*Asks:* 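I have a structure I would like to understand better, so I am pasting it below and will then ask my questions one at a time.
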Protein chains: 2
Amino acid sequence: MIDTLIDIVGKNHVLTGSDTNRWRTEWLDTYPSDPIAVVRPATTAEVSAIVRFGNETKTPIVPVSGNTGLAGGVSGKGHIMVSMERMNTIHEIRKDSRIAIVDAGVILGDIHSAADAEGLVFPLTFGARGSAMIGGNMATNAGGSNVVRYGNTRDLVLGVEVVLPTGEVADLMSELRKDNSGYNLKHLVIGAEGTLGIITKAVLKLFPKPKAYATAMVAAPSIGDGLQLLNQLQDATGGSVEAFEYMPRAYVERHLEIDSTAREPFDAPHEVNIMVEIGTTIEAKAMPDASGQIPLTGELENILAGLFESGEVLDATVAQNEAQRRAMWERREAAAEVVLMHKPLINHDIAVPLEKVAAFCEAMEKRLPNLDPGAIPMIVSHLGDGNVHYSVWGKSQDPDVHDAITEAVEDETLKLGGSFSAEHGIGVSKLNSMKRRKDPVSIAAMKAIKAALDPNNILNPGKVLPD
Amino acid sequence: MIDTLIDIVGKNHVLTGSDTNRWRTEWLDTYPSDPIAVVRPATTAEVSAIVRFGNETKTPIVPVSGNTGLAGGVSGKGHIMVSMERMNTIHEIRKDSRIAIVDAGVILGDIHSAADAEGLVFPLTFGARGSAMIGGNMATNAGGSNVVRYGNTRDLVLGVEVVLPTGEVADLMSELRKDNSGYNLKHLVIGAEGTLGIITKAVLKLFPKPKAYATAMVAAPSIGDGLQLLNQLQDATGGSVEAFEYMPRAYVERHLEIDSTAREPFDAPHEVNIMVEIGTTIEAKAMPDASGQIPLTGELENILAGLFESGEVLDATVAQNEAQRRAMWERREAAAEVVLMHKPLINHDIAVPLEKVAAFCEAMEKRLPNLDPGAIPMIVSHLGDGNVHYSVWGKSQDPDVHDAITEAVEDETLKLGGSFSAEHGIGVSKLNSMKRRKDPVSIAAMKAIKAALDPNNILNPGKVLPD
């Protein structure tokens, strides 16, 4: 087997034994991987040959890019791991057409930089952008902090090239805004977590870079006011809200503990802290004035002052310079560090309709103490999307208690028309949730599709679909 | 069979013989349908029972909603036609959440009215909105004139309920902005033209109604200037371009012939006529002034005056009132009537990257006279999406000549990275194009999916996928 792999990618790019160590663990230290080998193809043809070999010999193939996932999507045993890291070319940024053509192994942050150099943005962003790769972002349909304005990863991808489980290459590298030529295979492979194909290349949408940002911390009377607040901000800015992120007091306090440079967001503490960012691409408002201030900041101050008058906002701090803006973002992007401060940690990544986030939080406030007295909820939320990272710092070490908490979270989520998996994906971590919570007709359809496209079940087996 | 169908939907809703006449033809008079019966279910359970019956007896099922399609998607023989017209309830418009929950048989124009009453818009729009139904819009992933801002139908749908080919009902009625729980079946059934399921219900995204529109006819030096012009308008308005529609002089002239109320768009005739509409949702600019004028109109006038100075625009007329705006839209929306003035008509619905529309048109200008001397191209284009309705008024009656023209259109489209099917879908009309032009690996994957979900091939057989 190793010889065949060497024939495909060359000796230097077939790693075994301790050379594979960096793929054997991941940063949560929860989902180990024990591959036969890690191979590092440089071309789509090499990926295709590897998958074809896996399919012929019925050897599981697990694609891996930045390995920053949260759901165990690249875990396993006895598989060939296909690292996309050498396929890291940004082929083209077409400024006027506002597209980027990139390999799957390009790091997200590198796409940001390349777009920025042309006065454009690729708006997908989250804490791990410095190591996450676009291939993994597509595989998991990553979300993040700008979804409220720009959508999830799938909304940002015009076309893909994908190696199917047979090793054949489907060319879906469209740059088009309209293309109705048969079933939408692009949307099928995006979010399939590498179980239906390995995406090797993509055409991404870019957007005009906002000429000015204005960013604020806002204290609201309650989470239940979130939807009205968001709507008011959207109406006042013509839909320019780029981020709308909720952090409860407990989160703010833990962040102050771990980051010595962090400051209180307001003079007095508040329970409901929302980070708001608006961005405008209108040229007339583009130029910073002589003081270096961003003019949009004044507009946001006016809007928030009005909301303060009407009692819809309790307090607000608008960033007056880039350093203050960065500090606001750092508080939000420290989520992983804050949440991981404690073990045991029972993680959930749920979404409910925005107007029901308050109901979800209230329901769990009642249920959690009965399930694990002393457990602490550690919440951070992309509130604009109704996406709540509801983590629990468990008191009990009992896995059955942890499961009971997860079941309760799922109960309350589904009662409110929500999803037990918002943006991190299923991997292996949420197979139980899929089994007990997802519409069984839909699961059966997914399994039929998987069996049709991957009859030997070689591509990332054991992920996404429960037995 | 008829008795069973009567058991399911009641005697009054199983139509046979001449009672089915209005489903036997369609407005192009090109794609006849010869059903055993037309049944009109009132509920999802009834649709499910009909499909289950079709699956058990191996009787083809063809869903039909407004019957305004352009690709023969509901044609056939010996099938049960399932009309969605009785499933026409708008269940809910949730103003704050900006969603609508509707049955598949609701007429698009009725969704427009219901959203409008709440100060919102459902932005999907095109000429046939008074009879097209949202079920058909989803089945075909309809496009239209506002895609440049809001995307295609699939981008406007949060969730669906769908009856699968086995008769089972998949509940994908999500209201969520983030939901990564397995393969995206919603995007698979949207655009599948009823071959993978019958969509019975949907959650639609609504948007704040623009507080003001400004609409103009713009004469550009060439189509090749389209992308720069669009980018400039987007930059100047913060991405508020709602429509960017190209009509060549020949189209304008034919429209003047058939509509006695129509006027010339400019004092002097121009070859490249572009209808531009911008819309703003910013409240500060919301109020019409005392004269009844829309303030945004002045902004558009200023922008266009600047482009006139720099020579990027040859002439421009900005609508000064709603009547003038409607007249601009009527010219564009008369496309079907204009194009259908002549027979034989060889229709194409292609898309290329926007910056390549000019190259496409130039290439066809050279090739068409060699294929059919005297043939006249009749073009109208959603230029903002690179979508060109390239129809040919044939001189020759020879079907082989017509095929040769279509082959030439496909050649030039694919050379430019385009699609032979942009927004109308495949139906039966473009099966040949699918066969000879679509990536064969992708077609094989689509067929595997179809066979997996519809093993008896009963749902809208013979559409989309070539033999």
Side-chain angles (χ1 to χ4, degrees), chain A residues 96-97 140-141 143 147 152 164 168-172 174-185 187-188 191-192 208 227 231 234-239 280-283 351 353 355 385-387 417-423 425-426 434 438-439 441-442 445-446 448-449 451-453 464, chain B residues 96-97 140-141 143 147 152 164 168-172 174-185 187-188 191-192 208 227 231 234-239 280-283 351 353 355 385-387 417-423 425-426 434 438-439 441-442 445-446 448-449 451-453 464:
Chain A
D96 289 339
S97 307
T140 58
N141 185 32
V147 173
N152 296 284
L164 298 178
E168 289 172 299
V169 181
D171 178 1
L172 306 164
S174 171
E175 298 172 16
L176 305 172
R177 309 284 162 159
K178 284 182 176 172
D179 183 4
N180 281 343
S181 52
Y183 306 159
N184 200 305
L185 301 176
H187 280 304
L188 189 63
L227 179 60
N231 284 348
Q234 294 284 34
D235 288 347
T237 63
T280 179
T281 55
I282 302 183
E283 275 179 350
E355 70 272 25
D385 318 312
N387 178 195
S419 171
F420 54 85
S421 176
E423 62 172 7
I426 303 300
M434 275 293 273
K438 187 77 184 175
D439 168 42
V441 173
S442 298
M446 291 175 200
I449 292 165
L453 296 182
V464 184
Chain B
D96 289 341
S97 306
T140 57
N141 184 34
V147 172
N152 296 283
L164 298 178
E168 290 173 299
V169 181
D171 179 2
L172 306 164
S174 171
E175 298 172 16
L176 306 170
R177 309 285 161 160
K178 284 182 175 172
D179 183 4
N180 281 342
S181 52
Y183 306 158
N184 200 305
L185 301 177
H187 280 303
L188 189 61
L227 180 61
N231 283 349
Q234 294 284 32
D235 288 348
T237 64
T280 179
T281 56
I282 302 183
E283 275 177 352
E355 70 272 25
D385 317 312
N387 178 193
S419 170
F420 55 84
S421 175
E423 63 172 7
I426 303 300
M434 276 293 274
K438 187 76 183 175
D439 168 43
V441 173
S442 298
M446 292 177 199
I449 292 166
L453 296 182
V464 183

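Quantities reported herein were computed from a predicted structural model and do not represent experimental measurements. In what follows, every heavy atom counts, from backbone to side chain, and hydrogens, waters and symmetry copies are set aside. Just so it is clear: chains get the letters A, B, ... in the order the sequence lines come, proteins before strands, and each one is counted from 1.
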*Asks:* For B:D439 and A:A170, indicate whether the former's side chain and the latter's backbone hold a donor-acceptor pair under 3.5 Å.
*Replies:* no

*Asks:* Heavy-atom pairs under 4.5 Å with chain A - which of B:T140, B:D179, B:L453, B:L188 has more of them than the others?
*Replies:* B:D179

*Asks:* So, for B:A351 and A:K178, which heavy atoms are closest and what is the spacing to 0.1 Å?
*Replies:* CB-O, 3.5 Å

*Asks:* Chain B heavy atoms under 4.5 Å from A:M446: which part of the residue, side chain, backbone, both or neither?
*Replies:* both

*Asks:* Among B:L172, B:L164, B:D385, which has the most heavy-atom pairs under 4.5 Å with chain A?
*Replies:* B:D385

*Asks:* Taking side chain as everything from C-beta outward and backbone as N, CA, C, O, which of these in A:D96 sits under 4.5 Å from a heavy atom of chain B? Side chain, backbone, both or neither.
*Replies:* both

*Asks:* Please round to the nearest 0.5 Å and tell me the distance separating atom CG of B:L185 and atom CD1 of A:I449.
*Replies:* 5.5 Å

*Asks:* How long is the span from the CG atom in B:N387 to the CD atom in B:E423, to the nearest 0.5 Å?
*Replies:* 4.5 Å

*Asks:* Counting heavy-atom pairs under 4.5 Å to chain A, which of B:K438, B:R177, B:H187 comes out on top?
*Replies:* B:H187

*Asks:* Looking only at heavy atoms, what is the nearest atom pair of A:P353 and B:L176, with distance?
*Replies:* N-CD2, 3.5 Å

*Asks:* Give, as side chain, backbone, both or neither, the part of A:S442 having an atom under 4.5 angstrom from any heavy atom of chain B.
*Replies:* both

*Asks:* Under 3.5 Å, is there a donor-acceptor pair linking the side chains of B:N141 and A:N180?
*Replies:* yes

*Asks:* Measuring heavy-atom distances to chain B, does A:N231 have an atom under 4.5 Å in its side chain, in its backbone, in both, or in neither?
*Replies:* both

*Asks:* As an exercise: rank B:Q234, B:M434, B:E168, B:E175 by heavy-atom pairs under 4.5 Å with chain A and give me the winner.
*Replies:* B:M434

*Asks:* For chain A, which candidate among B:P208, B:G191, B:A445 shows the most heavy-atom pairs at distances under 4.5 Å?
*Replies:* B:A445

*Asks:* Which pair of non-hydrogen atoms, one from A:S97 and one from B:E355, has the smallest distance, and what is that distance?
*Replies:* OG-OE2, 2.8 Å

